[in-house]
Amino acid sequence: MKIIVGTRGSKLALTQTNMVIDSIKSAYPEIECELKIIKTKGDIVKDLPIDKIGGKEIFTKEIEKELLDGTIDIAVHSMKDMPGELPEGLKLSFSPEREDYRDVLILKEGLNSIKHIPVGGKIGTGSKRRKYQILQYRPDLEVVGIRGNIETRIRKIEEENLDGVILAAAGINRLGLELGERVVYLDKDILLPSPTQGILAIEIREEDSRIDNILKSISHGKTEIQKIVERTFLKGVGGSCHIPVGAYCDVIGDKIYLEGLLGTIDGKILIRKTIEGNLDSLEEIGYRLAKDMVKEMSR
């Protein structure tokens, strides 16, 4: 049996996809997996902010087309790049254990704390969620827009004379980058992460029960709960790259705690709320918090 796995061509995308392939082979040694690299609009158009060229689909659309056409069997993405609604005929299968959900600040040489950034210091990020939350914590900073893969963004610290850049901890950890004291992990009280940050999205055709059953072997219980709750919240607020949206779901015993962030496009209003619920009402919790926050935002 052969499975063709589609992904983007960045070092992180390939690392994540090979992690999934290794997990499949570990559970099913007889299965042959072939990796196929697919260029997306987000990979081709690199000089414009994401919200100027589309929404989250700029990193997924071309891969999803190949999945629907049957030229690949599985697509591996970073879950945070997935739009709230998937194309008809596709679904998310099981996910392995979540990586660190936090954001990190990679500082220039000589700095090792957010407090050491000088007044008026420059921080790079292409995310409205990151930009407006970091400005709440340090209103004196200047936030400049940057794009590119992880290595490119880190290089921009020197190339564009930045004091630091904000990235997802999951990518730094998965690539095994050794940056010493320059890496500052940002607690969710400072930066609430993007919904499902650190989770891998494994997308398949809706009716492909054969592949779904194979992927069940890599499933991680807590991650599956977090994925459902945080994505439901994202759908409920109509989340996209155009507005700041954050969420994190924690699971303690049989209780779920969901914290959400929602802001206006210009970041002048940012609201955060927390809700708790039980394991038997995952989607209800996400939608309920989303509904409350959208209602508060429209007052």
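Since the model is a prediction, treat every value here as computed from it, not as a measurement.
In terms of heavy-atom proximity, Arg130 sits nearest to Arg153 at NH1-NH1, 4.3 Å. Of all heavy-atom pairs between Met293 and Leu262, the closest is CE-N, 3.6 Å.
Ile214 is connected to Ile204 through a chain of hydrophobic side-chain contacts under 4.5 Å among Ile, Leu, Val, Met, Phe, Trp and Tyr, so both are in one cluster. Under the 4.5 Å side-chain heavy-atom criterion for grouping Ile, Leu, Val, Met, Phe, Trp and Tyr, Val183 is not connected to Leu107 through any hydrophobic cluster.
Panel note: side chain Ser78, backbone Lys80; no donor-acceptor pair is recorded below 3.5 Å. Side-chain N or O atoms of Ser10 include one that pairs as donor or acceptor with a backbone N or O of Ala13 at under 3.5 Å. At distances below 3.5 Å, not a single donor-acceptor pair connects side-chain atoms of Ser93 with backbone N or O atoms of Ile202. With hydrogens and angles disregarded, a donor-acceptor distance shorter than 3.5 Å links the side chain of Arg174 to the backbone of Gly198. With hydrogens and angles disregarded, no donor-acceptor distance shorter than 3.5 Å links the side chain of Arg288 to the backbone of Gly277. Thr15 contributes a side-chain N or O that, together with a main-chain N or O of Lys11, makes up a donor-acceptor pair within less than 3.5 Å. Listed for the Asp73 side chain is a donor-acceptor partner under 3.5 Å among the backbone atoms of Ile4. Using a distance-only test at 3.5 Å, with no hydrogens or angles considered, a donor-acceptor pair links the side chain of Thr71 to the main chain of Glu66. Side-chain atoms of Gln226 come within 3.5 Å of backbone N or O of Cys249 as a donor-acceptor pair. Under the 3.5 Å distance criterion, the side-chain polar atoms of Glu203 are left unmatched by any main-chain donor or acceptor of Leu90.
Pairs passing the ring pair (Phe, Tyr, Trp, His ring centres under 6.0 Å) check and including a residue from residues 100-140, sequence neighbours excluded, read Tyr101-Tyr248.
No more than 12 heavy atoms of other residues, nucleotides or ligands shown are found within 6.0 angstrom of NZ on Lys65. Environment of CD in Glu181: sparse, with no more than 12 heavy atoms of neighbouring residues, nucleotides or ligands closer than 6.0 Å.
Put simply, the side chain of Asp103 does not reach to within 4.5 Å of the side chain of Ile190, judged on heavy atoms. Using a 4.5 Å heavy-atom threshold, the side chains of Ile157 and Arg182 count as touching. Between Ile106 and Leu177, the closest side-chain pair of non-hydrogen atoms is not below 4.5 Å. At a threshold of 4.5 Å between non-hydrogen side-chain atoms, the residues Leu67 and Arg205 count as touching. Counting heavy atoms from C-beta outward, Val237 and Met297 have side chains that stay 4.5 Å or more apart. Residues Leu282 and Ile225 meet the side-chain proximity criterion, which asks for heavy atoms closer than 4.5 Å. Taking the side chain as every heavy atom from C-beta outward, Met82 and Leu92 approach each other to under 4.5 Å. Annotation: side chain of Ile154 is in contact with side chain of Leu179 (closest heavy-atom distance under 4.5 Å).
Asn149 and Thr152 are linked by a side-chain donor-acceptor pair at a separation below 3.5 angstrom, with hydrogens and angles left out of the test.
Under the 4.0 Å criterion applied to side-chain N and carboxylate O atoms, Lys255 and Asp250 are not assigned as salt-bridge partners.
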Check your understanding: Please walk me through it: do Glu85 and Lys235 pass salt bridge (Lys or Arg N to Asp or Glu O under 4.0 Å)?
Key -> CA-CA 7 Å; Glu85 298 294 337; Lys235 290 180 195 175; 5.0 Å; no
**Study point:** From CA spacing to verdict: salt bridge (Lys or Arg N to Asp or Glu O under 4.0 Å), Lys188, Glu259
**Key:** CA-CA 10 Å; Lys188 66 183 176 68; Glu259 186 170 4; 3.2 Å; yes
Point to revise | Step-by-step side chain to side chain contact (heavy atoms under 4.5 Å, CB included) determination, Ile166 to Gln133 | key: CA-CA 11 Å; Ile166 303 173; Gln133 287 190 95; over 6 Å; no
Check your understanding: Where do Val76 and Ile21 land on the side chain to side chain contact (heavy atoms under 4.5 Å, CB included) test, with the steps shown first?
Key -> CA-CA 10 Å; Val76 179; Ile21 288 173; over 6 Å; no
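Every residue meeting the side chain to side chain contact (heavy atoms under 4.5 Å, CB included) condition with Glu159, not counting sequence neighbours, appears here in chain and number order: Arg155, Lys156.
Among Lys122, Lys115, Lys108, the single residue meeting the salt bridge (Lys or Arg N to Asp or Glu O under 4.0 Å) criterion with Asp163 is Lys108.
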